[in-house]
Asks: 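Before we start, here is the structure in question, set down as structure tokens.
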Amino acid sequence: MLRNIDVDLLRSFVTIAELRSFTRAAATLFRSQSTVSTQIRRLEELAGQTLLQRSPHEVLLTRAGEQFLGYARRIVALHDEALDVINAQSVSGRVRLAVMDDYATIVLPETLARFARSHPEVELEVTTGFTRDLLNSLGEEFDLVLATQKAGDGRGDVLRKEQTAWACSDRVAFSLEEPLQLALLKAPNMFREWALEALNEAGLRWRILFSSSSIGAVEAMAASGVALTVVKAGTARPGLQLLGAEHGLPALPASEIALHLAPGRAAAAMAALSAFLAEALSDAAPLP
């Protein structure tokens, strides 16, 4: 007998599998928990297998569920990509996006490649730099700016939260020896200011060993084992270990990633890229 599976059933299954919770999945999908439960029962009837095991604390995949999850993800992704291509055919124009260096090199390449494939008529121009400089040019040089800012700043459309952390090489055991040798971005820079303010308030002596306008260069210097730096936990390069209060270091402010739109701009291409980035960088979406 021919069995057709509704994509909505697969989407609910994938969301529950990723969030390990019917409650969180229902909130993410903007559906009631009873609706999501009904969808999973229907999916399991069609599959002829139990796909999820419920417990009071979490939801786990059965062996059949583990095997099925990869196929479900691919079907949902292909379905959404097909709709993106169809909907994007009428979207054209030019969008000037500015973004922090670490997100441009680590997080966004695959996301922007997907956007380019689904919106072939949109001309995308990407510039990297420090948040403060980029925001100063919003509306003149840039249509959109993806920025790092202090959590609760109140500006822009916040896409995800970031843990700000101290970091050093994972090849050495960190010891709090003063003066602390620092590798930091050149001033003016928010993370540099946070680091120095925190150390000064804690009464710790420090020395800037290395300073650069490149996030990659600063993190590479820290990973070499000679300096301490400040990173976003989500984008810290391999070779670094994250440090905190348990190592005798002062707390750092939390940060967030926000999308800023140039005032008065409402082009379809801008709206399409904004929505694409919001979905790709939401807290529910894992970073590469």
Side-chain angles (χ1 to χ4, degrees), residues 1-91 103 106-122 157-163 233-235 238 257 259 271-288:
M1 182 179 69
L2 182 63
R3 292 178 294 175
N4 294 315
I5 300 178
D6 190 324
V7 174
D8 276 346
L9 304 185
L10 296 177
R11 193 184 306 278
S12 293
F13 169 68
V14 170
T15 306
I16 293 168
E18 291 176 345
L19 298 180
R20 294 288 196 267
S21 165
F22 276 76
T23 302
R24 291 196 296 271
T28 299
L29 295 166
F30 298 102
R31 294 190 174 99
S32 68
Q33 189 169 335
S34 61
T35 297
V36 172
S37 296
T38 300
Q39 288 179 319
I40 296 304
R41 283 197 298 271
R42 176 57 181 157
L43 180 61
E44 289 178 330
E45 289 172 1
L46 290 170
Q49 299 278 352
T50 299
L51 303 175
L52 296 170
Q53 289 181 336
R54 292 86 162 166
S55 78
H57 303 294
E58 64 177 342
V59 178
L60 300 175
L61 290 166
T62 63
R63 181 178 293 274
E66 291 175 342
Q67 294 174 333
F68 189 64
L69 180 58
Y71 294 101
R73 279 183 173 138
R74 283 154 53 191
I75 293 169
V76 171
L78 188 60
H79 169 274
D80 292 348
E81 182 180 337
L83 289 182
D84 285 341
V85 170
I86 293 172
N87 294 333
Q89 289 179 358
S90 60
V91 178
Y103 264 62
I106 299 171
V107 178
L108 289 184
E110 181 56 34
T111 297
L112 294 181
R114 283 176 43 227
F115 180 81
R117 288 193 295 269
S118 62
H119 296 75
E121 299 303 315
V122 175
D157 181 13
V158 177
L159 304 186
R160 70 184 301 125
K161 305 293 184 182
E162 277 281 8
Q163 176 193 354
T235 58
I257 307 301
L259 186 62
L273 180 57
S274 298
F276 208 88
L277 291 174
E279 181 179 358
L281 299 181
S282 71
D283 276 320
L287 295 182

Asks: Could you tell me which non-hydrogen atom of R20 sits nearest to which non-hydrogen atom of V59, and how far apart they are?
Replies: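 Reported closest heavy-atom pair: CD-O, 2.6 Å.
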Asks: Is any side-chain heavy atom of L281 closer than 4.5 Å to a side-chain heavy atom of L108?
Replies: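 Yes; the side chains approach each other to less than 4.5 Å.
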Asks: Just say parallel, tilted or perpendicular for the rings of F68 and F13, cut-offs at 30° and 60°.
Replies: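 Rings of F68 and F13: tilted, 30 to 60°.
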Asks: Looking at R63 and E66, does any basic side-chain N land under 4.0 Å from a carboxylate oxygen?
Replies: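 The answer is no: the pair does not qualify as a salt bridge.
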Asks: Do V36 and T23 have side chains that approach each other closer than 4.5 Å (heavy atoms only, starting at C-beta)?
Replies: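 With C-beta onward as the side chain, the pair stays apart.
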Asks: Quick one: does I16's side chain get under 4.5 Å of Q39's, heavy atoms only?
Replies: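 Side chain of I16 against side chain of Q39, heavy atoms only: no contact under 4.5 Å found.
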Asks: What heavy-atom pair brings L69 and A17 nearest, and what distance separates the two atoms?
Replies: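 In this case the closest contact between L69 and A17 is CD1-CB, 3.8 Å.
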Asks: Begin with the C-alpha distance, continue with both residues' side-chain angles, and end with the deciding distance and a verdict on salt bridge (Lys or Arg N to Asp or Glu O under 4.0 Å) for E45 and R42.
Replies: CA-CA 5 Å; E45 289 172 1; R42 176 57 181 157; 3.6 Å; yes
Asks: Hydrogens and angles aside, do R114 and T111 bring a side-chain donor and acceptor to less than 3.5 Å of each other?
Replies: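 No, because no side-chain N or O of R114 sits under 3.5 Å from a partner of the opposite role on T111.
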Asks: Supply the atom-to-atom distance T15 OG1 to R73 CZ, rounded to the nearest 0.5 angstrom.
Replies: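 T15 OG1 to R73 CZ: 10.0 Å, rounded to 0.5 Å.
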Asks: Distance check, rounded to the nearest 0.5 Å: R24 atom CZ versus E58 atom CD?
Replies: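 Here the interatomic distance stands at 9.0 Å.
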Asks: Any side-chain heavy-atom pair from L61 and L52 closer than 4.5 angstrom?
Replies: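 Counting from C-beta outward, L61 and L52 do come under 4.5 Å.
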Asks: Dump the intermediate steps for side chain to side chain contact (heavy atoms under 4.5 Å, CB included) on F115 and L277, then the final yes or no.
Replies: CA-CA 9 Å; F115 180 81; L277 291 174; over 6 Å; no
Asks: Pair H79, R11 - check side chain to side chain contact (heavy atoms under 4.5 Å, CB included), show working.
Replies: CA-CA 10 Å; H79 169 274; R11 193 184 306 278; 3.7 Å; yes
Asks: Can you name the closest pair of heavy atoms from L9 and L43 and give their distance?
Replies: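 In this case the closest contact between L9 and L43 is O-CD2, 3.9 Å.
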Asks: Applying side chain to side chain donor-acceptor pair (under 3.5 Å), name anything that partners S21, two or more places apart in sequence or on another chain.
Replies: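 None.
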Asks: So which atom in S12 and which in L29 form the shortest heavy-atom distance, rounded to 0.1 Å?
Replies: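 Closest heavy-atom pair between S12 and L29: OG-CD1, 3.5 Å.
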Asks: What's the separation between atom CG in L51 and atom CZ in R41, rounded to the nearest 0.5 Å?
Replies: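 Output value for this atom pair is 13.5 Å.
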Asks: With distance as the sole test, does E162 use its side chain to make a donor-acceptor pair with the main-chain N or O of I257 at under 3.5 Å?
Replies: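 Side chain of E162 to backbone of I257: no pair is present.
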Asks: For I75, what residues pass the side chain to side chain contact (heavy atoms under 4.5 Å, CB included) criterion, not counting sequence neighbours?
Replies: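 Expected list: L10.
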Asks: Run the side chain to side chain contact (heavy atoms under 4.5 Å, CB included) check on D8 and R31 step by step: do they pass?
Replies: CA-CA 11 Å; D8 276 346; R31 294 190 174 99; 3.5 Å; yes
Asks: In the structure I gave you, are the side-chain heavy atoms of L112 and L273 within less than 4.5 Å of one another anywhere?
Replies: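 Yes. Closest side-chain heavy atoms under 4.5 Å.
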Asks: Please check if any side-chain donor atom of T62 sits under 3.5 Å from a side-chain acceptor atom of Q53, or the reverse.
Replies: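 Side chains of T62 and Q53: no pair found under 3.5 Å.
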